[in-house]
Novice: 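One structure is given below, represented as structure tokens, and several questions about it will come after.
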Number of protein chains: 2
Amino acid sequence: MEKKEKDISTEEKIKEAARIVFTKKGFSATRTRDIAEEAGLNLALLNYYFRSKEKLFHIIMEEKFEQFFGMIIRLLDDESTSLEKKVTAVANDYIDMLLANPDLPIFVLSEIKNNPALFSDRISSRLLKSVFFRQLNEVRPDINVFHFILNLLSMIIFPILAQPVISQIDAMKDKKFKKFIIERKKLIPIWFNSILNTK
Amino acid sequence: MEKKEKDISTEEKIKEAARIVFTKKGFSATRTRDIAEEAGLNLALLNYYFRSKEKLFHIIMEEKFEQFFGMIIRLLDDESTSLEKKVTAVANDYIDMLLANPDLPIFVLSEIKNNPALFSDRISSRLLKSVFFRQLNEVRPDINVFHFILNLLSMIIFPILAQPVISQIDAMKDKKFKKFIIERKKLIPIWFNSILNTK
DNA sequence: GTCTATATACTGATAGAC
DNA sequence: GTCTATCAGTATATAGAC
């Protein structure tokens, strides 16, 4: 009767395997057999629990989109923190999340590109109405909010996206790459302050 | 005997179709039938001219990698321009190239992630030995060159990568998005100067 | 619920006519 | 060189035994 690891339901085993394989290879390159193998389960069980590859993919995709966009929006829509604190918080927490999920950005961007309908405009409107947008407009109405937020996200997300390229450089392999990214947690807020305080 | 459009060889028609379809959908999601259809040609001709999907892909991929990395390296390895001019040149010319080839960045990054062996370390060493690296070290030896170049590339490339997401926002559709990106040609050098002149 | 076996459809590649 | 027809291999999905 005691709880063991083995008590994870078959359904959840399949979902966990699907998270790994889909985010790693994308929808097209993933075979249902890859997921079954990753889960250590029979192929037929995927269809028993989820009906089709598409349906399973949609469940995982929505989870991953929420992970990717939801966290940013929650950090930027916080009434209790200042603009500077938000930049620091995004740099810290979002980088940590991406280091734990390095396949996430390219998965999300690729799948939205393949099928833009997957991305609901509800997400972008949550960003546009966020506290962050209001705050930046109060402090620096001359700064284009879109440029500012896109610079922040670029400097955080792009290096993770480009890791497979960057890590080919000897000085940037594995742990060195991770150390390099963690350095950016401190540096990104500094760079943004010099932009904010210029002119 | 006169030259017409129709004089484009069948081989080149297939390559041009392959460029479009492979960069749009990636290797796995592309069917050889998609390429034949895009070229307006019979499927069997692909194998007649290029033996296999893999071989055709390798040809296109190497072209595209050279386009993506080669241009950056040529701009950064120019003895005749200053550091500031290089930032301006990269912001201008590279953004123009990416606007003309919006599928290029995610294609290159996805395919290298799927198969890191595709990316030769010859490319990274050309970057590390570039004039740009030497120049930045002379002017600001306290600045980490990797952070600097990655910030530059992030701010240029990421917005293009994220276009399918950004353009879901009403204020960022089509021509407005392009205008927004072109604004960045002027702004990116300004932002980098405030970072370079700080501290 | 889970397995084996198999149906059905798709994809890359080739044989052979023209 | 280019086409039609088709093969062989693989992928998703299901039927049916346990």
Side-chain angles (χ1 to χ4, degrees), chain A residues 1-62 64 107 110-111 114-115 118, chain B residues 1-64 107 110-111 114-115 117-118:
Chain A
M1 286 297 178
E2 70 223 293
K3 278 268 171 190
K4 299 174 194 168
E5 302 181 3
K6 291 291 177 60
D7 289 347
I8 300 167
S9 68
T10 299
E11 188 172 343
E12 188 51 43
K13 277 185 199 164
I14 295 171
K15 282 175 74 173
E16 185 52 27
R19 283 183 197 105
I20 294 167
V21 182
F22 276 137
T23 52
K24 196 175 207 163
K25 316 217 288 183
F27 177 78
S28 296
T30 295
R31 300 172 310 147
T32 52
R33 282 168 169 77
D34 299 332
I35 297 173
E37 197 179 338
E38 176 72 35
L41 292 169
N42 188 280
L43 172 62
L45 290 171
L46 270 69
N47 293 299
Y48 176 79
Y49 281 100
F50 297 98
R51 300 271 313 160
S52 74
K53 181 186 173 184
E54 264 87 2
K55 285 187 170 58
L56 176 56
F57 176 76
H58 263 82
I59 291 167
I60 303 306
M61 184 208 66
E62 296 211 336
K64 291 293 166 185
F107 169 78
S110 291
E111 299 301 336
N114 294 344
N115 186 1
L118 294 177
Chain B
M1 287 296 178
E2 72 223 294
K3 279 267 171 190
K4 301 175 191 164
E5 302 182 5
K6 291 289 176 59
D7 289 347
I8 300 167
S9 69
T10 299
E11 188 172 343
E12 189 50 44
K13 278 185 199 162
I14 294 170
K15 282 174 74 172
E16 185 51 29
R19 284 183 196 105
I20 294 168
V21 181
F22 276 138
T23 53
K24 196 175 206 163
K25 315 217 288 183
F27 177 77
S28 295
T30 295
R31 299 171 310 146
T32 51
R33 282 164 171 81
D34 299 331
I35 297 173
E37 197 179 339
E38 176 72 34
L41 293 169
N42 190 280
L43 171 63
L45 290 170
L46 269 69
N47 293 299
Y48 177 78
Y49 282 100
F50 298 97
R51 302 270 312 159
S52 75
K53 180 186 175 186
E54 264 88 3
K55 285 188 170 59
L56 176 54
F57 176 76
H58 262 83
I59 291 167
I60 303 306
M61 183 209 67
E62 296 211 335
E63 274 186 24
K64 292 292 166 184
F107 169 78
S110 292
E111 298 301 335
N114 294 343
N115 186 2
L118 296 177

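Within every chain, numbering begins at 1; the chains are lettered A, B, ... in the order of the sequence lines, protein sequences first and strands thereafter.
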Novice: Starting at atom CZ of A/Phe57, determine the distance to atom C1' of D/dA11, rounded to an integer number of angstrom.
Specialist: 17 Å

Novice: In the 5'-to-3' direction, what one-character label does each nucleotide of nucleotides 12-18 of chain C receive under the scheme B = base within less than 4.0 Å of a protein heavy atom, S = sugar-phosphate only, - = no such atom?
Specialist: BBB----

Novice: Could you list all the ring-ring contact (aromatic ring centres under 6.0 Å, His included) pairs where at least one residue sits in residues 22-51 of chain A, not counting sequence neighbours?
Specialist: A/Phe22-A/Phe57, A/Phe27-A/Phe57

Novice: Looking at every strand, decide which applies to B/Phe50 at a 4.0 Å heavy-atom threshold: base, sugar-phosphate, or nothing.
Specialist: nothing

Novice: CG of B/Leu46 versus C1' of D/dT2: gap in Å, rounded?
Specialist: 13 Å

Novice: Only counting residues at least two apart or in another chain, list the ones meeting side-chain contact (heavy atoms from CB on, under 4.5 Å) with A/Asn47.
Specialist: none

Novice: State which residues pass side-chain contact (heavy atoms from CB on, under 4.5 Å) with B/Ile20; sequence neighbours excluded, sorted by chain then number.
Specialist: B/Glu16, B/Glu38

Novice: I need the CD-C1' distance between A/Glu11 and C/dT2, as an integer number of Å.
Specialist: 15 Å

Novice: Starting at CG of B/Asp34 and ending at C1' of C/dT11, how long is that distance when rounded to a whole Å?
Specialist: 11 Å

Novice: With no hydrogens and no angle check, is any side-chain donor or acceptor of B/Lys53 less than 3.5 Å from a backbone partner on B/Thr30?
Specialist: yes

Novice: List the residues meeting side-chain contact (heavy atoms from CB on, under 4.5 Å) with A/Ala29, not counting sequence neighbours, and say none if there are none.
Specialist: A/Lys25, B/Ser28

Novice: Sequence neighbours left out, what passes side-chain hydrogen bond (donor to acceptor under 3.5 Å, both in side chains) with B/Glu12? Give chain and number order.
Specialist: B/Arg19

Novice: Calculate the interatomic distance between B/Ile14 atom CD1 and D/dG1 atom C1'; express it in whole Å.
Specialist: 11 Å

